[in-house]
Amino acid sequence: MIYLNFSDLNGEAQERLLESSKKDVEQKFGDDIRKYSKKHCTNFDVMIEEEALRNLYSYTYVFNI
């Protein structure tokens, strides 16, 4: 669960969430994505970024007002 202050939805908070999601994705699926990117000649960092964005939708958010 991700707890957010409703008044703290600025760019910095969004960037912090994205970085957290990137770490989660890389920890869970990093080896598989690395193998896929080598096999298909794609950029690993771009793939991690895309998966991190998708991963944000799997989080449960709680907003404090």
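Applying the under-4.5 Å side-chain rule to Ile, Leu, Val, Met, Phe, Trp and Tyr, the cluster around Ile33 extends to Val25, Phe29, Tyr36, Phe44, Met47, Ile48.
Annotation: the span from Asp24 atom CG to Leu56 atom CG amounts to 9.5 Å, rounded to 0.5 Å. The line from CD of Glu12 to CD of Glu15 is 9.5 Å long, rounded to the nearest 0.5 Å.
Legend: salt bridge (charged side-chain N to carboxylate O under 4.0 Å, His left out) pairs involving residues 46-57, not counting sequence neighbours, sorted by first then second residue: Lys22-Glu49, Glu51-Arg54.
Residues Ala52 and Ser21 share a closest heavy-atom pair of O-OG, 2.7 Å.
Not counting sequence neighbours, the partners of Asp31 by the side chain to side chain contact (heavy atoms under 4.5 Å, CB included) test are Arg34.
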